[in-house]
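Chain A is the first sequence line, chain B the second, and so forth, proteins listed ahead of strands; every chain is numbered from 1. As a basis for the values below, the full set of heavy atoms in this structure was taken, side chains included, without hydrogen atoms, waters or symmetry mates.
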Amino acid sequence: MEATNQKTGLLKELEQRIRRAEHPRELVVDVMLALQEQYGYLSDDALEEAARLLGMSLLELEELASFYDFIYRRPVGRFVIRVCDSVVCWLEEGEKLGEHLEARLGIRMGETTPDGLFTLLPVCCIGYCDMAPAMLVNRRVYGNLNQEKIDKILEELRTGDERKGLPR
Amino acid sequence: MKDLPMVLLRNRKADRTTGLQEYRTSGGYRALELALKELSPKDLCGMVVDSGLQGRGGAGFPAGRKWMGVAEDAPHPRYLVANADEMEPGTFKDRVLIHADPHQLIEGMLLAGYAVGASKGVIFVRPAYGRMAEILEREISKAREAHLVGQHILGSEFSMELEVHRSGGRYICGEGTAQINAIMGLRPQPRETPPRTTEKGLWNMPTVLHNVETLACVPHIILNGPDWFKGLARSQTGAGTKLYCVSGKVQRPGCYELPMGTALREILEVHAGGMRPGSRFKACLPGGASTRFMSPEFLDAEMDYEALRRMGHRLGTGAIIVFDETTCLLRATVNLIRFFARESCGWCTPCREGLPFVEELLDGLEQGRGTREHVEMLRSMADALCNAFCPLAPGAAQPLESLLSCFEDEVLEHLRLGRCPYQTR
């Protein structure tokens, strides 16, 4: 019941924003991200909802959803860990951190843990080269990483306060 | 260091963002007041042309000339876009700038908007900079309450709205015409030019798009004059200060505001603290992934657009990535090409097909499976990449071409040994 109310609230809010916008299409990424947050990923239902709200075709939406790398057309974990693999993090042995995460979580890049908690993805330079090697967990940045630090972050994500306030 | 000008980062603090009041106390919004009371849009254009301000996003195009690209009788509404996408590897200056002093960007946008007659400004922010988007939205609404944004700014006839656009994330969105498509909710691939965006940009209306650092310079130019701005530079051909981002094998990676044209050696040795203990400078990329490797013979180069261009290099974003003698530059180039291959929008053949092919050839060479013929194929691919539709693939060709021409010995050493000569991996 609560979930239905939340969803109705979100749809109302999005409808309002779209009505007020001079060019509703400008909101397409915002709408997809908001629905993704609601559904956990941009499911077929969510995509249809977005198309209906914006008066765009499913094909137009798919063309965008498949292009942007922060929009997920398949289910992802509660925490999406994106390890930077661009040149500066590579120089700082970021590759090894990626391998460490794969070993710790028991999954490869692109996979999700069976408990649905973590998805591991590579990401290109996130603009924190002064704190390389770096990674994102959902939208939060963690820099100056090493193996111990990563273990601690994973532990906190599993159990502690880090779980709060991390929108996808 | 004596007399180093602090302009763009003068309000930078270790632990927090500068708010509206503090910005005003430091002289903020005085340029806007001056402009709206005493200067015409034409005056502003003239001042920015005279200042020699060049676009800080990488191309170095004169900002004033871009403004002049919007014809006086061009239709309305007109738009201004601040490019805070910042996805060029090694680059993080716009992140530092906005976290330090967001109102500097806001004031720069208002001034640029006044100069070109824009009624709306959009700040395009990448997903990894989620916090930045929140800061900007909060500070824009504070500026609105203070009648600095919105209708009749400071009681004048000038009105301009500002808003933040959150990207879904892809490198190509940093390219100007692709960014305009992205804002319009279209698939963000680059558009054909002409028409230039200053004629037909957002919603087919005149649109001026600038990098964040470029816009942040504008209030200072208006307040202190073009000659003052020119005089900040150390080189004859430069103007203003530059935010140099240093990363890689130096002691103090970071973002340093220095006079435009500061020598590469000074940036690295004095400001970034020199190389890490036991490591020796081998090469650097002077301005992100889309620039050529610079070898030690260029350490005394003046880091400005024109000076580097004359040496056959590009300043790009001024993001200096430093490699030491233990780094395999062939491996580094594989990494760079992989980045470009992954981020290609797929629209044109040289980029979509060419980059994965280059990656495969390079990777083979690096692992000792290459031949001389492969090296020649790579050389011709570096040329072919420049036939692409937009600057992405030509950008990728820069490190590739310089690897093959300036570090040919290292490439051939892989062939001779049949393996990578660097044992660090």
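Judged purely by atom type and a 3.5 angstrom limit, A/Arg139 has no side-chain atom pairing as donor or acceptor with the backbone of B/Gly130. Counting only distance, with no hydrogens or angles, the side chain of A/Asp130 and the backbone of B/Cys245 share no donor-acceptor pair below 3.5 Å.
Contacts of A/Glu62 with chain B are absent, with no heavy-atom separation under 4.5 Å from either backbone or side chain. In this structure, the portion of B/Glu163 lying under 4.5 Å from any heavy atom of chain A is its side chain and not its backbone. Interface remark: A/Met56 contributes side-chain atoms only to the contact with chain B (heavy atom separation under 4.5 Å). Interface residue B/Arg95: only side-chain heavy atoms are found under 4.5 Å from chain A. For B/Ile172, the part lying under 4.5 angstrom from a heavy atom of chain A is the side chain only. For B/Arg126, the part lying near chain A is the side chain, with the backbone staying farther off; criterion is any non-hydrogen pair under 4.5 Å. With a threshold of 4.5 angstrom between heavy atoms, B/Ala319 does not approach chain A through any atom at all. Residue contact with chain A, scored on non-hydrogen atoms closer than 4.5 Å, involves the backbone of B/Val322 exclusively. At a 4.5 Å heavy-atom cutoff, the contact between B/Ile321 and chain A is made by side-chain atoms alone. Interface residue A/Leu64: only side-chain heavy atoms are found under 4.5 Å from chain B. For A/Glu92, the part sitting under 4.5 Å from any heavy atom of chain B is the side chain, from C-beta outward, and nothing else. For a residue to count as touching a neighbouring chain, one of its non-hydrogen atoms must lie under 4.5 Å from one of that chain's; by this rule A/Leu136 touches chain B with the side chain only.
Across A/Val87, A/Val28, A/Val141, the residue that shares the most heavy-atom pairs under 4.5 angstrom with chain B is A/Val87. Residue with the most contacts toward chain A among B/Gly185, B/Gly168, B/Pro253: B/Gly168 (heavy-atom pairs, distance under 4.5 Å). Per-residue counts of heavy-atom pairs under 4.5 Å with chain A were compared for B/Arg187, B/Arg338, B/His165; the largest is that of B/Arg187. Put simply, of B/Pro188, B/Ala182, B/Ala332, B/Gly248, the one with the most heavy-atom pairs under 4.5 Å next to chain A is B/Pro188. Top candidate by heavy-atom pairs under 4.5 Å with chain A, chosen from B/Leu186, B/Val96, B/Val246, is B/Leu186.
Contact record, B/Phe339 with A/Ser86: CD1-OG, 3.8 Å, taken as the closest heavy-atom pair. Scanning both residues, A/Val29 and B/Arg166, for their nearest heavy atoms gives CG1-O, 3.6 Å. Nearest heavy-atom pair across B/Lys249 and A/Leu91 is NZ-O, 3.4 Å. Looking at every heavy atom in both residues, B/Gly169 comes nearest to A/Phe70 through CA-CD1, 4.3 Å. Across all non-hydrogen atoms, the minimal contact from B/Ser167 to A/Tyr68 is OG-CE2, 4.2 Å. Of all heavy-atom pairs spanning B/Phe92 and A/Gly127, the tightest one is CB-O, 3.1 Å.
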Contacts table for residues 101-108 of chain A: side-chain donor-acceptor under 3.5 angstrom, sequence neighbours left out:
{"residue": "A/Glu102", "atom": "OE2", "partner": "A/Met109", "partner atom": "N", "Å": "3.0"}
{"residue": "A/Arg104", "atom": "NE", "partner": "A/Asp151", "partner atom": "OD1", "Å": "2.9"}
{"residue": "A/Arg104", "atom": "NH2", "partner": "A/Asp151", "partner atom": "OD2", "Å": "3.2"}

Run the side chain to side chain contact (heavy atoms under 4.5 Å, CB included) check on B/Cys345 and A/Phe67 step by step: do they pass?
CA-CA 8 Å; B/Cys345 80; A/Phe67 190 86; 3.9 Å; yes
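Annotation for B/Trp347: atom CH2 does not count as buried by contact number, only 12 or fewer foreign heavy atoms lying within 6.0 Å. For CZ of B/Arg280, the number of neighbouring non-hydrogen atoms (other residues, nucleotides, ligands) closer than 6.0 Å is 12 at most.
Of all residues spanning residues 76-91 of chain B, those with a heavy atom less than 4.5 Å away from chain A's heavy atoms are B/Tyr79, B/Met87, B/Glu88, B/Pro89, B/Gly90, B/Thr91, arranged by number.
Of the charged side-chain nitrogens involved, at least one lies within less than 4.0 Å of a carboxylate oxygen, so that B/Lys120 and A/Glu26 count as a salt-bridged pair. Between A/Asp69 and B/Arg342 no salt bridge is recorded (no basic side-chain N to carboxylate O distance below 4.0 Å).
To the nearest 0.5 Å, atoms SG (A/Cys125) and CG (B/Leu336) are separated by 11.0 Å. Rounded to the nearest 0.5 Å, atoms CZ (B/Arg131) and CZ (A/Arg140) are 10.5 Å apart.
Residues A/Trp90 and B/Thr327 have side chains in contact (heavy-atom distance under 4.5 Å, counting atoms from C-beta outward).
Between A/Tyr128 and B/Tyr129, the ring planes are perpendicular. Angles over 60° get that label, and only those under 30° would be called parallel.
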